[in-house]
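For reference, the structure discussed in these notes is given below.
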Amino acid sequence: MTLMKKKRALITGITGQDGSYLAEFLINKGYEVYGFMRRTSTDPFARIEHLHVSGALKLIYGNMRDLPTIERAIEESDPHEIYNLAAQSHVGVSFLCPDETWDINYMGVERLLTVAYKHNKKIRIYQASTSEMFGSTPPPQSEKTVFAPVSPYAEAKLKAHHLIEEYRAQGYFAASGILFNHESPRRGKHFVTRKLTHAFAKMKYGMQDHVTVGNLDAERDWGFAGDYVRAMWMMLQEKKADTYVIATGEAHSVRQLIETVGSVIGMPIHWEGKGLKEVGKDEHGTIRVSIDKKFYRPREVDALQGDASKAKRKLGWKPEVSFEELVEMMVQADLRLIGGTQEYVQQ
Ligand code: NAP
Ligand code: G4F
């Protein structure tokens, strides 16, 4: 009798939103999953504790800035597939910490590729590229759209994207997913969707008066993270590595997002005033949303709306959760969290 060997996957960025969903997805597919994570002073286990405690996920400490730790992780896990999700992923923060962003988001990828392909030329690698690389090139954006990055985050990601394509041209299996914004109840609270669902849940419970945001007119193509990690895996099962846009094809402004969150939670918002003085009020006239310049980016990406027809045609991928269902899912999860009926959101 021949025993089928389990496929092994190494996920960097395991403690993040996508890392946690992808780990669950691969474990369910029968993979042996290793997660690469930083040792930090705060509790980094929130999203993956259930996988780690059960022994389904093996963790390796390290840092994308630290070459020997990457070497050790690849040596220990000996992976068939690597999903490089680790990044300083906040666009606004990248203007404040450009060097760190560059070192993790570009140099880290260079370190990883060098070490991985030295270990085994056949490893299949997924790189987390981003729609931010398009900058303000008008929508819809596809694999053929011109890149025009406007932030240190996007510049580093674009350089990494080009590096992946160089390796691919040399015959390595290096795939790149240009993913548009994807969210979930596990999204960090410093991103606008979760910031809003969390704040509105607190307002609903009387624990917060109002929320302060930045640019209301920016448009994003928001999908569900669970749908997007499936696309990452699909890309690595193809015969040849390639680049794919992953998106819903539907865009909404931050203003529309706020209106949707308000209506789902039963606190409909209407707008008064203009510019920095604009406010969102509830039906009793109480200010629930105001604007603060500090949440504006030095350079903004105005409108992202992806054309994922290549992924649909070649991978057979399509999103299953709509914008309205996503907002509903996030609002309900935050209501349970704030209401104390759940310790941590595991949607
Ligand atoms: P996230 O929740 O912010 O997770 C980022 C992960 O990277 C965390 O696990 C973080 O670890 C880890 N990390 C940061 N610096 C590191 C370092 N020096 N060494 C090792 N690990 C490090 O981001 P996400 O939303 O899951 O996104 C996953 C990837 O997709 C990122 O590369 C992001 O840029 C990209 N992306 C995301 C979206 C989106 O809408 N979510 C869209 C396009 C592309 P700590 O817990 O220690 O901070
Ligand atoms: O939620 P955000 O911070 O996400 P952003 O900048 O689009 O980046 C996310 O998606 C990228 C893919 O396109 C990823 F590559 C990246 O890693 C990250 O996951 O901001 C969304 C929009 C922006 O236009 C921002 O200016 O919302 C606007 N915004 C308005 N008020 C705000 C706020 N953003 C944040 N974070 N906080 C605010 O108060």
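Residue numbers run from 1 in the order of the sequence given. All ligand and atom numbering here is 1-based and tracks the order in the structure.
The shortest contact between atom 14 (C) of ligand 1 and any protein heavy atom is with Ala87 O, 3.2 Å. In this structure, atom 26 (O) of ligand 1 lies nearest to the protein heavy atom Asp18 N, 2.8 Å. The single protein non-hydrogen atom nearest to atom 39 (C) of ligand 1 is His182 CE1, 3.2 Å, given as residue, atom name and distance. In this structure, the protein non-hydrogen atom closest to atom 4 (O) of ligand 1 is Gly16 CA, 3.4 Å. Summary of contacts: the protein heavy atom closest to atom 23 (O) of ligand 1 is Ser89 OG, 3.6 Å. Nearest protein heavy-atom contact of atom 12 (C) of ligand 1 is Gly13 CA, 3.9 Å. Distance from atom 23 (C) of ligand 2 to its nearest protein heavy atom, with residue and atom name: Arg220 NH2, 3.5 Å. Atom 17 (C) of ligand 1 has its closest protein heavy atom at Asn63 OD1, 3.4 Å. Here the heavy atom of the protein found nearest to atom 9 (O) of ligand 1 is Thr15 OG1, 2.6 Å.
In summary, of the residues considered (Phe45, Tyr34, Phe36), a side chain to side chain contact (heavy atoms under 4.5 Å, CB included) with Leu59 occurs for Phe45 alone. With Tyr205 as the partner, the side chain to side chain contact (heavy atoms under 4.5 Å, CB included) test is satisfied by one option alone out of Met207, Lys202, Met203, Gln208: Met207.
Of all the atoms in ligand 1, the ones that sit under 4.0 Å from a non-hydrogen atom of Ser129 are 43 (C), 44 (C). Ligand 1 places these atoms under 4.0 Å from at least one heavy atom of Asn181: 40 (O). Each of the following atoms of ligand 2 lies closer than 4.0 Å to a heavy atom of Arg187: 9 (C), 18 (C), 19 (O). Residue contact check: Leu304 has heavy atoms under 4.0 Å from atoms 13 (O) of ligand 2. Of all atoms in ligand 2, numbered sequentially from 1 with element shown, those under 4.0 Å from a heavy atom of Val91 are 6 (O), 8 (O). The ligand atoms of ligand 1 that sit less than 4.0 angstrom from a heavy atom of Leu179 are 42 (C), 43 (C).
Close to ligand 2: His90, with a non-hydrogen atom less than 4.0 angstrom away. Under a 4.0 angstrom heavy-atom cut-off, Tyr153 registers as being in contact with ligand 2. Under a 4.0 angstrom heavy-atom cut-off, Tyr228 registers as lying outside contact with ligand 1. A heavy-atom separation below 4.0 Å is not found between Lys189 and ligand 2.
In this comparison of Ala128, Gly35, Gly108, Gly19, the heavy atom closest to atom 30 (O) of ligand 1 sits on Ala128. For atom 48 (O) of ligand 1, the candidate residues are Glu100, Arg47, Arg38; the nearest heavy-atom contact is made by Arg38. The closest heavy-atom contact to atom 10 (O) of ligand 2, among the options Asn181, Asp18, Val93, Leu216, comes from Asn181. Around atom 13 (O) of ligand 2, the closest heavy atom drawn from Gly214, Ser89, Gly92, Ser131 belongs to Ser131.
Polar contact with ligand 1: absent for Ser131 (N/O pair, distance under 3.5 Å). Every N/O-N/O distance between Glu183 and ligand 1 stays at or above 3.5 Å. Inclusion of Gly62 in the set of residues having an N or O under 3.5 Å from an N or O of ligand 1 is not warranted.
With a heavy-atom cut-off of 4.0 Å, His190 touches ligand 2 through its backbone alone. Residue-level proximity to ligand 2 for Gln88 is absent, since no heavy atom of it falls below 4.0 angstrom. With a 4.0 Å heavy-atom cut-off, ligand 1 is reached by no atom of Pro44. In Lys157, the part holding a heavy atom less than 4.0 Å from any atom of ligand 1 is the side chain. The proximity of Arg187 to ligand 1, defined as any non-hydrogen pair under 4.0 Å, is limited to the side chain. Counting heavy atoms closer than 4.0 Å to ligand 1, residue Ile104 contributes side-chain atoms (C-beta onward) but none from N, CA, C or O. Residue contacts with ligand 2, taken as heavy atom pairs separated by less than 4.0 Å, involve Val192 via backbone and side-chain atoms alike. Contact annotation for Val213 and ligand 2: heavy atoms of both the backbone and the side chain come within less than 4.0 Å of the ligand.
Contact of the Ser151 side chain with the Arg299 side chain is not registered, since no non-hydrogen atoms from C-beta on lie closer than 4.5 Å. Considering only heavy atoms from C-beta on, Arg8 comes within 4.5 Å of Asp78 through its side chain.
Between Lys281 and Glu272 there is a salt bridge, with a side-chain nitrogen of the basic residue lying less than 4.0 Å from a carboxylate oxygen of the acidic one. Glu81 has a carboxylate O that lies under 4.0 Å from a charged side-chain N of Lys7, or vice versa, which qualifies the two as a salt bridge.
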